[in-house]
Protein chains: 2
Amino acid sequence: MIRILLADDEHLIRTALGQMLDLEDDLHVVAQAARGDEAVRLAVEHAVDVAVLDLQMPGLDGIAVAEQLAQRLPRCGCVIVTSHGRPGHLKRALAAGVRGFLPKTTSSVTLASVVRTVQAGGRHVDPELAAEAIAAGDSPLTPREADVLELAASGAPIDEIADRAALSPGTVRNYLSNAMSKLDAANRHEAVATARRLGWI
Amino acid sequence: MIRILLADDEHLIRTALGQMLDLEDDLHVVAQAARGDEAVRLAVEHAVDVAVLDLQMPGLDGIAVAEQLAQRLPRCGCVIVTSHGRPGHLKRALAAGVRGFLPKTTSSVTLASVVRTVQAGGRHVDPELAAEAIAAGDSPLTPREADVLELAASGAPIDEIADRAALSPGTVRNYLSNAMSKLDAANRHEAVATARRLGWI
DNA sequence: AATTGCCCATGACGTCTGTCATGGGCGCGG
DNA sequence: CCGCGCCCATGACAGACGTCATGGGCAATT
């Protein structure tokens, strides 16, 4: 019997997935969480075999949860399920020790089988996402550029970004200019959109 | 026995929800669709009693499907389920004749009960969303302003927007300026963010 | 020790953008 | 009929923004 933690902030989805997994004879959902921090706590508390994590959650996101669990519950395998599969997320997830990565568009039979694979120590990432990740390559942004771009994401004017990043406005513009050229964007907002699409911020 | 069409582009979610609804004695999912146009076709073909629709789908979105069904299958009730409940969407949905509106964060028992309510001719909208919708009020944007703002959403420069809207660049700037003041934003990108958040574009 | 790359900053230049004033055409309701 | 609001447009101005050249400090690599 494989003991599972299920984490997703959407109640409806979480219980539906839970019921579905419970229908399998060898799978048992022993805990559910709506938030990332809650997920870590419950996973450790119940010493689950596999954690099925939504990527976007309040508190900690799925990848952060996986990082925590890799340290605090090394025997637990992590499967990440997501609506929007950005290439960058896959990379970060794999770096965090995640062994299963699926978009929510995959067929339902896959999930159970991936849970079993991961519990057995195997890996499974969605082939299409894997291809995208390879095609997208690594982020060309330096850490600082990514920071600044992230701050620019809300649409704030330069001065506010500079203020929040504790940089001079000129420096902010330089970083953004660099990021824009690297991302082949005509302005920083386009750059933000591209970086988001590729999961680089 | 209430006959249901279930439409959601996320395969995993769709089958999970389907199984969950099928567990209820009086509910039966007779058709599933991954796209809006497919949903309309199947709903008519099976003459379903209730359509459970995801808001964001390829093809037609949930509201567009509801509009079609209101004409082509008037006896069918529509329930819209969504991840991101923007106030504006609720308004548009109600205008399209939708009688059930739920965020995916609601508890799972609610869905079945809302399906029954809607089938019986009743209404149910999530109280929290309703409150937000009332608080947000109606969109202050003129149709043309909304158009232009939508085109600006991708981060394109003014000239491109003007080109795609068949307007002069000056006019575009005027519209955007109006929208920005109405939305209390410092630049058009902030305006886009606000309008999106409120479901006005 | 030298090179390379990232981090931070400044200043100057030209363009893009947002604002404001203004005006004409059009449809709707008083 | 006459206002009113929306649609479209132009022109001018100030400030924001993107680009470029330049330079110093620092860590890692060679």
Side-chain angles (χ1 to χ4, degrees), chain A residues 88 91-92 95 136-201, chain B residues 88 91-92 95 136-201:
Chain A
K91 298 223 168 211
R92 284 196 292 153
D138 279 323
S139 169
L141 302 175
T142 69
R144 207 60 176 147
E145 283 165 2
D147 286 351
V148 173
L149 200 55
E150 180 119 34
L151 287 173
S154 53
I158 293 259
D159 286 340
E160 194 182 317
I161 301 174
D163 199 54
R164 290 215 277 163
L167 290 175
S168 95
T171 307
V172 169
R173 281 190 286 162
N174 285 337
Y175 281 152
L176 289 177
S177 185
N178 280 336
M180 284 162 53
S181 77
K182 284 178 181 177
L183 297 178
D184 194 29
N187 55 53
R188 62 205 153 101
H189 306 284
E190 217 175 278
V192 166
T194 310
R196 265 203 210 293
R197 184 164 45 79
L198 269 44
W200 289 341
I201 59 170
Chain B
K91 299 224 168 211
R92 284 195 292 152
D138 278 324
S139 169
L141 302 175
T142 69
R144 208 62 176 143
E145 284 165 2
D147 285 353
V148 174
L149 200 55
E150 179 119 35
L151 287 173
S154 52
I158 293 260
D159 286 340
E160 194 182 317
I161 302 174
D163 199 52
R164 291 214 276 163
L167 291 176
S168 95
T171 307
V172 170
R173 282 190 286 162
N174 286 337
Y175 281 153
L176 289 178
S177 185
N178 281 336
M180 285 163 54
S181 78
K182 285 178 181 176
L183 298 177
D184 194 27
N187 55 54
R188 60 208 155 104
H189 306 283
E190 218 174 278
V192 167
T194 311
R196 265 203 210 293
R197 184 165 47 77
L198 269 42
W200 289 340
I201 60 169

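Since we're looking at a predicted model, the values are computed, not measured. The figures that follow rest on heavy atoms only: side chains count, while hydrogens, waters and symmetry mates do not. Within every chain, numbering begins at 1; the chains are lettered A, B, ... in the order of the sequence lines, protein sequences first and strands thereafter.
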Item to check | Nucleic acid contacts - residues 188-201 of chain A versus DNA chain C, non-hydrogen atoms under 4.0 Å | outcome: none
Checklist entry - Of the non-hydrogen atoms in A:Ser168 and A:Ala162, which two are nearest, and what is the gap between them? => result C-CB, 4.0 Å
Item to check | For A:Leu149, the option from A:Val192, A:Asn178, A:Ile161 that meets side chain to side chain contact (heavy atoms under 4.5 Å, CB included) | outcome: A:Val192
Item to check | Distance (rounded to the nearest 0.5 Å) between B:Thr194 OG1 and B:Met180 CE | outcome: 10.5 Å
Checklist entry - Quick one: bend of the helix from C:dA1-D:dT30 to C:dG30-D:dC1 from 5 pairs per end, to 10°? => result 30°
Next on the checklist: Going 5' to 3' along DNA chain C, which are the first and last nucleotides with any atom under 4.0 Å from a heavy atom of chain B?
Outcome noted: C:dT17 to C:dC20
Item to check | Contacting residues from residues 166-178 of chain B, given that a heavy atom lies under 4.0 angstrom of DNA chain D | outcome: B:Leu167, B:Ser168, B:Gly170, B:Thr171, B:Asn174, B:Tyr175
Item to check | Closest approach of B:Ser154 to B:Arg164 (non-hydrogen atoms, all atoms of both residues) | outcome: OG-NH2, 3.8 Å
Checklist outcome for this item: Heavy-atom nearest pair, A:Leu183 first then A:Ala195, reads CD1-CB, 4.0 Å
Checklist entry - Between A:Ile158 and A:Leu176, is a side chain to side chain contact (heavy atoms under 4.5 Å, CB included) present by the stated rule, with each step listed? => result CA-CA 10 Å; A:Ile158 293 259; A:Leu176 289 177; 3.9 Å; yes
Next on the checklist: I'd like to know if the side chain of B:Asn187 reaches the main chain of A:Gly155, judged simply by a donor and an acceptor atom lying under 3.5 Å from each other, with no hydrogens or angles considered.
Outcome noted: yes
Checklist entry - For DNA chain C, which residues in residues 144-161 of chain A have a heavy atom at a distance below 4.0 Å? => result A:Arg144
Checklist entry - What is the distance from atom OG1 of A:Thr142 to atom NZ of A:Lys182, rounded to the nearest 0.5 Å? => result 5.0 Å
Checklist outcome for this item: Between B:Ala191 and B:Ala185, the two heavy atoms sitting closest are N-CB, 3.4 Å
Checklist entry - By salt bridge (Lys or Arg N to Asp or Glu O under 4.0 Å), which residues pair with B:Arg144, not counting sequence neighbours? => result B:Asp147
Next on the checklist: Tell me the closest heavy-atom pair linking A:Glu190 and B:Ala156, and the distance in Å.
Outcome noted: OE1-CA, 4.2 Å
Checklist entry - Minimum heavy-atom separation for B:Asp138 to B:Trp200, with atom names? => result O-CZ2, 3.6 Å
